[in-house]
Amino acid sequence: MPIRNAECAAVFAEIADMLEIQGANPFRVRAYRNAARTIADYGRDIPAMVANGDDLGKIPSIGPDLASKLREIAATGTCELQQTLRHALPGAIVELLEVPGLGAKRVKALHDALHVDSLEQLRTEAKNGHVRELPGFGARTEAHLLDAIDERLRDPQRFLLPDAAHALMPLLERLRAVAGVGKAVPAGSFRRRRETVGDLDILVTSRDPVAVADAFVGYGDVARVLAHGKTRSSVVLVNGLQVDLRVVDADAFGAALVYFTGSKAHNITLRRIAQAGGLKINEYGVFRGDERIAGATEASVYEAIGLHEVPPELREDRGEIDASRAGTLPVLVERKHVRGDLHAHTDASAGRDSLRAMADAARARGLAYLAITDRTPHAGGGRNAFEWLARQLDEIDRVNASFDDFVLLKGVEAGIREDGSLDVPDAMLGRLDLVVGAVRDGFDLSRDAQTERMLRAMDQPHFTILAHPTGRVLGERDACELDLPRVIAQAAARGCFVELDAQPRRLDLPDIWCREAAKAGVPVAIGSDACSADELDNLAYGVDQARRGWLTRRDVLNTRTLAQLRPLLARTMGAGGASKRSRSKGA
DNA sequence: GCCGTTTTCGGCCCGACTGTTTTCAGTCG
C-alpha cells in the first residue's frame, strides 16, 4: 500500500516512543512527537510533495533532518533510524507506554530488569509478584498496573460526543448541587467538540474544594478512583469513561478553563508566548513575577499575552494562534445561521418517520427548507423501479402546498456505482432540486480507483452534493483511500458541493478537510442525514465539526436563504457538466 | 531536533497527585 501522511506520522511517533524509552534527550523526543502530530493533521499529501520536489522544510516543526527522513519514509515506508531502534528494542515494547501509570522510565526499568517487552509479559510478571521487587515500584503500583492492563485489553475505546454527553450531564448536575459550587462546566476535548473523546474533563469553581472532590469520587457511577486530591481528582465510570475533575477559585476560572480545555499543544504555545514576554501562564492566572495580571475570564488570559480569544473548537495549534495575533481568526458559523437541511430520510427508505412528520419537525426547529433525500434501493431495477420516487415527488407537492413559510426540496440519495455512474436514471434526476451522491459499497477500492469513481460521479450533469465523502464510521470503519484534494478541486471546478454529514458517528467531512474545502472555495453542505425527526438535531454536531474546520457562515452552503440556494442548486442540475469537466482538466 | 522583534546557540510549559521515599521521581493532563 502506498505511504500516506498517517503512515509517515506513525513512523515518527514510534521513533519518539523508542527514543524516550532509550532515555534520549527529551527535546529530541518532543521534536519527533510534534512532527508526528503536524503531519497527521497536515492538509496536503506529503508523499506527493516529495514526488513534486516541494520544500518540506516549510512545514512547521519539520527541519532539515526530519525532512530528509520524510523523503526516506515516502520512498521506503520506513527509515534507518526506525529500523535501528527496533533492533535495539524488540517486541511490542511501545504498547507498554499506553498503559496508564507507565512512562518511559518505568518501561525501560521493566525491560532492563525483567526483559518485559509486551503487555502479556508484563501481566505475567506482575501476577508473579516480580514487579513489586523493582526499585521505584511497589505492591500498589503492581496492582494498579494489573488493573490498567486488564482495562486496556478489554476496551481501549473512545466515546462519541452524544455518549459522552449522556454520561456527563447527570454528573454535572450532582456537582452543581454541592454547597459552595459556583460554576461546573465541561472542558477538554468535549468542549473543543472533537468527534470522539478519550476522557471527560470537568472544571468547577467552589469555596469548598474538598466537598466537591468528595461528591465527585462518591458519585454512584464511579467504578474506580484513580486520584483524589484537594484540587484535582480522577475516576473511571462504570461505562469505562475516565473523568477528570479540577476545582479552582472563581477568580481563576478563566485561566483554569484555558488550561483545562487545551489542547495541550495549544497551551504549550500560549505559555511559550507568555514566557517570551516575561510572563507566566498557569491554571491560576497570568503572572508578571508574583503579580497576577489576568485569569478571571478566558478573554483576559488571551488579552494579557496580546491575543484575541480563540474559540475552543480551534484550539489545536493548527495556526489559530498566529491568526489570533494577527486579528484574522475566522468568525465561525453557528447553529442559528443554518437555515435548512440538505440530507434527510423518510419511511420511504432508511427513515422511520413520514414525509409530513419530517417537514413538521424541521419547521418546528426553525428551518426554512428540508431536502428529502431518500435512498435508492441497492438491488432491483426494472421499469417501475423508481415509481416510489415519482409518488414521493407528488406528495412533496401536496405537503408544500400546506406551508407558506417552509419548503421541502425534492432530492434523492443516489448510490455511486464503482464505475462512477449513478443508480438513478437521468430522466428521474432531472425532475429533482438536488442529487446527493453517496458511495455505499466498495469502500476498499484502491486510492486511484476510488478517486476516479468519485470524480466521474461528480461529473454527472445532475450531481449536486457528495455525501459523507470519506465513508468513515467512527470506531467501526476507517475513511476509504481517497485523494481528497483532487475531489475538492473537482467540486470547485464543477460548481458542486461536498457534504459534512452531521451524524455523530460519521461527522464526515473531517475537520481538516472542511478547512481545505473552504480554502478551495467549495461550500460545505451540512446534512443531518436524519433517519427520524429527532435526528434533525444532528445538525448541531455538524456545526461543531464545521467550526473545528474553521468554516464561517459563508463557507456553509445551507446558511443561504432558499432564494440564494436555488440558483446554486440549479446550476448543478442543468446540462453542461461534462463541458465544465473538460475545462477543469486543463487547470 | 527545531527554532529565532532578545538568540544561528542555547534554549525548549507548568503544576498536581501517587507511591515510594525520607525529600522526590515518575506520570499525567
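Below, all heavy atoms of this structure are taken into account, side chains as well, without hydrogens, waters or symmetry copies. Lettering follows sequence order; numbering is per chain, from 1.
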Q) Among the nucleotides B:dG15, B:dC13, B:dC2, which one has an atom lying closest to any side-chain atom of A:A31? A) B:dC2
Q. Counting side-chain heavy atoms from CB outward, which of B:dC13, B:dC14, B:dC2 is closest to A:N282?
A. B:dC14
Q. Hey, which of these two, A:I268 or A:G278, hits DNA chain B nearer its 5' end, going by closest nucleotide?
A. A:G278
Q. Can you tell if the side chain of A:T196 reaches within under 4.5 Å of the side chain of A:F159, non-hydrogen atoms only?
A. no
Q) Can you tell which of A:K264, A:R192, A:H266 makes a side-chain hydrogen bond (donor to acceptor under 3.5 Å, both in side chains) with A:E316? A) A:R192
Q: Considering just the side-chain nitrogens and oxygens of A:R272, establish if one lies under 4.0 Å of OP1 or OP2 belonging to B:dG4.
A: no
(Q) What's A:L270 touching, base or sugar-phosphate or nothing? Going by heavy atoms closer than 4.0 Å. (A) nothing
Q. When we call it a touch if two heavy atoms are under 4.0 Å apart, what does A:P64 touch: a base, just sugar-phosphate, or nothing?
A. sugar-phosphate
Q: Do nucleotides 19-29 of chain B as a string where each nucleotide becomes B, S or -: B if the base has a protein heavy atom under 4.0 Å, S if just the sugar-phosphate does, - if no protein is that close.
A: SSS----SSSB
Q.
In this structure, how many angstroms lie between the P atom of B:dC17 and the CZ atom of A:R224, rounded?
A. 18 Å
Q. Think A:R30 forms a cation-pi with A:Y32, using NZ or CZ under 6.0 Å from the six-ring centre and within 45 degrees of its axis?
A. no
Q: Tell me whether the guanidinium CZ or amine NZ of A:K183 lies under 6.0 angstrom from the six-membered ring centre of A:F253 and within 45° of its axis.
A: yes
State whether the side chain of [X] and the backbone N or O of [Y] hold a donor-acceptor pair below 3.5 Å, judged by distance alone.
| X | Y | value |
| --- | --- | --- |
| A:R174 | A:A215 | yes |
| A:T141 | A:F137 | no |
| A:E320 | A:D317 | yes |

**Q.** Close residues, residues 108-129 of chain A, relative to DNA chain B [heavy-atom separation under 4.0 Å]
**A.** none
